[in-house]
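Below: the structure, in structure tokens.
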There are 2 protein chains.
Amino acid sequence: MVYSASASVDHFPGASHQAKLTLEIVFGSRVLEFCHAGHSVFWEGDVASDAFMIGEGLLRLYRILPDGRRAITGFAFPGDVLGLAFHDRYLYTAEAVTDVRLRRFPRRRLHALATDCPYLHHDILRVIAGELEAAQEQMVLLGQKSAEERVASFLLMNARRVGKGQAVPISFDLPMTRLDMADYLGLTIETVCRAVTKLKQAGLVSMEGRHKVFLHNPAELSRFAGLDDFELAHPPWPKPALPPVETDPIETGEPGRGGFHQ
Amino acid sequence: MVYSASASVDHFPGASHQAKLTLEIVFGSRVLEFCHAGHSVFWEGDVASDAFMIGEGLLRLYRILPDGRRAITGFAFPGDVLGLAFHDRYLYTAEAVTDVRLRRFPRRRLHALATDCPYLHHDILRVIAGELEAAQEQMVLLGQKSAEERVASFLLMNARRVGKGQAVPISFDLPMTRLDMADYLGLTIETVCRAVTKLKQAGLVSMEGRHKVFLHNPAELSRFAGLDDFELAHPPWPKPALPPVETDPIETGEPGRGGFHQ
DNA sequence: AGGCTCGTGTTACAAAATGTTACAGATCGA
DNA sequence: TCGATCTGTAACATTTTGTAACACGAGCCT
């Protein structure tokens with residue numbers, strides 16, 4: 001599935017206590033492998049033998065329904081780590097959108113190392129927490145947002161990768177196709193196009209070719225996307241607690257909106 | 001936010017190597033706390049100090065968008081553990097649908113214990129992998145499935161909790177309201193009602209009151225839900241690998257559907 | 001270079017699904 | 001029992017999709 005430049009080298013024998021291992025260090029010990037655009041790194045249902053760290057390029061992560069519908073559950077960018085939180089088998093297929101360079105590490109051994117190294121353990125949790133946060137965000141998007149809000153959110157999500165401090169207009173590439181965007185956002189290709197057109201007509205966005213995007217008013221776009229503000233659209237942390245935090249240990253919770261009384 | 005029956009007792013001092021700790025054991029050392037229906041265990045944005053294991057009852061887990069829309073990202077049932085994979089703050093509000101009994105354990109200390117105990121470490125990963133799998137499943141549901149498919153999937157998801165081997169008709173309770181179901185499935189109350197009505201008219205489902213469900217033809221319902229079969233609808237594992245697994249280390253990946261050539 | 005062709009992207013309009021609104025019936029707790 | 005809340009149904013409005021036609025751009029061939 002992936003072309004290996006050479007045999008793997010292993011710098012972490014046995015289970016000795018490693019002082020300050022991190023994912024960066026652990027994966028850094030492994031050879032770079034290559035995967036060409038359109039080819040898969042692994043398939044949904046495969047035994048999840050390895051975890052992967054992306055070095056360069058873009059992966060689409062997807063599942064296929066029995067009748068052929070495709071759901072893209074995420075994209076993997078450089079620096080992302082895949083496969084830490086799986087059961088025995090991969091939950092999705094990972095396919096290269098562009099040519100990809102990545103490194104692999106045996107999943108079980110990675111967790112064995114983590115048992116001996118608090119740094120690595122913490123690093124793994126950080127990655128998994130990120131995955132879960134992304135999944136939550138996506139559930140909100142898919143369940144509650146309109147087509148245009150989804151597209152706006154998607155653009156902002158990608159803008160975030162290029163750094164927040166960047167001057168307006170914020171520009172970046174979208175290497176994936178419109179079909180990828182549609183399958184990720186739970187829309188059709190046409191609806192994605194229409195939404196992009198509206199955002200362009202509103203002067204919030206412009207494009208150069210099909211994959212280069214400019215955001216001319218991130219703040220307004222954020223409001224449009226159902227987010228409070230561009231800066232808050234993503235970590236460090238979205239927004240402060242909704243109501244004041246209750247610290248009283250005795251029976252202080254408020255009934256929520258639409259509180260349930262049975 | 002939660003009523004504590006008494007002060008907590010701690011059976012796990014220091015960082016000594018504990019041979020066979022599990023989540024069950026660790027949480028079992030803590031007192032039962034209570035949270036009444038309609039009240040919250042914690043709020044989105046709170047500092048995530050504790051993890052929780054549900055003893056009895058049902059929680060709804062949700063986030064609120066700036067304009068007031070509510071997205072339920074999941075429900076927590078007895079035996080479920082919450083809060084293992086968070087960053088510093090809770091990603092969602094956890095609110096009791098029914099009266100709930102649960103136990104808490106400091107999150108950081110839980111992970112510290114896991115560093116010394118492979119059993120516990122494995123147990124934590126198992127839980128997190130389950131969370132992520134549920135999130136993936138939900139993303140597919142919200143992004144790709146029709147209203148009726150979503151409701152059918154939801155019923156099957158709940159049916160699974162009562163055990164697979166049960167005789168037809170499979171019966172179980174749905175303690176949550178229609179609004180909860182709607183906010184979980186990305187629909188309105190009315191659409192949920194319409195879908196339930198259609199399933200009843202098709203003879204696949206019947207109800208007794210609003211919260212008791214009977215599934216008369218789980219296999220057919222599964223097909224209807226966009227799943228292969230009821231038994232395969234959920235773990236042990238959904239379905240076999242899509243194509244035969246590739247083991248050749250040299251450049252063997254097949255271009256996927258809609259392969260991208262740039 | 002010119003011109004073809006194929007995959008991809010865009011737009012318009014009709015069709016379907018879902019959301020809204022309104023109201024009647026059912027359920028549950030006080 | 002009552003009242004409040006939740007649920008179910010129907011008519012209508014809106015959003016999204018399906019279909020189809022056409023535009024664009026990269027690569028290929030001559």
Side-chain angles (χ1 to χ4, degrees), chain A residues 37-38 60 67-70 97-98 141-152 173-183 185-201 205-213 224 226 255-262, chain B residues 36-38 60 67-71 97-99 141-152 173-201 205-213 224 226 255-262:
Chain A
R60 62 172 77 88
D67 66 354
R69 282 173 284 186
R70 182 182 72 159
V97 174
T98 64
L141 181 148
L142 292 170
Q144 304 298 326
K145 293 187 181 179
S146 70
E148 289 179 46
E149 288 174 327
R150 294 185 203 191
V151 171
D173 270 314
L174 288 181
M176 66 288 286
T177 67
R178 291 290 190 270
L179 181 59
D180 288 331
M181 289 174 53
D183 285 351
L185 299 175
L187 302 169
T188 60
I189 245 187
E190 296 88 341
T191 304
V192 171
C193 283
R194 284 184 282 248
V196 170
T197 299
K198 279 202 181 177
L199 294 176
K200 283 196 283 193
Q201 287 171 347
V205 170
S206 66
M207 302 197 65
E208 200 175 281
R210 281 157 175 159
H211 295 290
K212 180 93 175 171
V213 182
F224 190 76
R257 185 201 122 192
F260 182 67
H261 305 285
Q262 180 160 289
Chain B
H36 289 108
R60 62 172 78 90
D67 65 354
R69 281 173 285 185
R70 182 182 71 159
V97 174
T98 65
D99 288 349
L141 181 147
L142 293 170
Q144 305 297 326
K145 293 188 181 180
S146 70
E148 289 179 45
E149 288 173 326
R150 294 185 205 192
V151 172
D173 270 314
L174 288 180
M176 67 288 285
T177 67
R178 291 287 189 270
L179 181 59
D180 288 332
M181 289 175 51
D183 286 350
Y184 180 59
L185 298 175
L187 302 167
T188 60
I189 265 191
E190 293 84 348
T191 303
V192 171
C193 285
R194 282 188 285 243
V196 170
T197 300
K198 277 203 182 177
L199 293 175
K200 284 196 283 195
Q201 287 171 345
V205 170
S206 66
M207 302 198 66
E208 200 174 281
R210 292 188 228 265
H211 295 289
K212 180 93 175 170
V213 183
F224 190 76
R257 184 200 123 193
F260 182 66
H261 304 286
Q262 182 163 289

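Numbers restart at 1 for each chain; the letters A, B, ... are given by sequence-line order, proteins then strands.
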So CG of B/Asp183 and OG1 of B/Thr188: to nearest 0.5 Å the spacing works out to 10.0 Å

Donor-acceptor under 3.5 Å (A/Arg178 side chain, A/Arg210 main chain): yes

Can you see if the side chain of B/Thr197 gets near the phosphate of D/dT9 - specifically, an N or O under 4.0 Å from OP1 or OP2? yes

How far does CZ of A/Arg60 sit from OG1 of A/Thr98, to the nearest 0.5 angstrom? 9.5 Å

What is the distance from CE of A/Met181 to C1' of C/dT10, rounded to the nearest Å? 13 Å

Select base, sugar-phosphate, or nothing to describe what B/Arg178 touches, counting heavy atoms under 4.0 Å on all strands. sugar-phosphate

Backbone of B/Lys145 reached by a side-chain donor or acceptor of B/Arg150 within 3.5 Å: yes

Base of D/dG18, side chain of A/Arg194 - is there a donor-acceptor contact under 3.5 Å? yes

Residue pair B/Met207/A/Gly186 against DNA chain D: nearer the 5' end by closest nucleotide is B/Met207

Can you tell which of D/dT17, D/dT9, D/dA20 lies closest to the side chain of B/Glu190? D/dT9

Whole angstrom value for the distance that separates P of D/dG8 from NZ of B/Lys198: 16 Å

Round to a whole Å and report the spacing from CG of A/Leu185 to C1' of D/dT17. 15 Å

Whether B/Thr177 contacts D/dC6 is assessed here as follows: a side-chain N or O lying under 4.0 Å from the phosphate OP1 or OP2. Is that the case? no

Rounded to whole Å, the NZ-C1' distance (A/Lys200 to C/dT10) equals 8 Å

Atom CG of B/Leu187 and atom C1' of D/dT16: how far apart are they, to the nearest Å? 14 Å

Assign each of A/Val196 and B/Ser146 to its nearest nucleotide of DNA chain C by heavy atoms, then name whichever residue's nucleotide is nearer the 5' end. A/Val196

Within this structure, what is the CZ-to-P distance between B/Arg210 and C/dC28, rounded to whole angstrom? 7 Å

Closest heavy-atom pair and its distance - B/Phe224, B/Glu149: O-CG, 3.3 Å

Separation of atom CD1 in B/Ile189 from atom C1' in C/dT27, rounded to whole Å: 14 Å

Grab the CG-P distance between A/Leu179 and C/dT10 for me, whole Å please. 13 Å

Just N and O in the side chain of B/Thr191: are any of them under 4.0 Å from OP1 or OP2 of C/dG19? yes

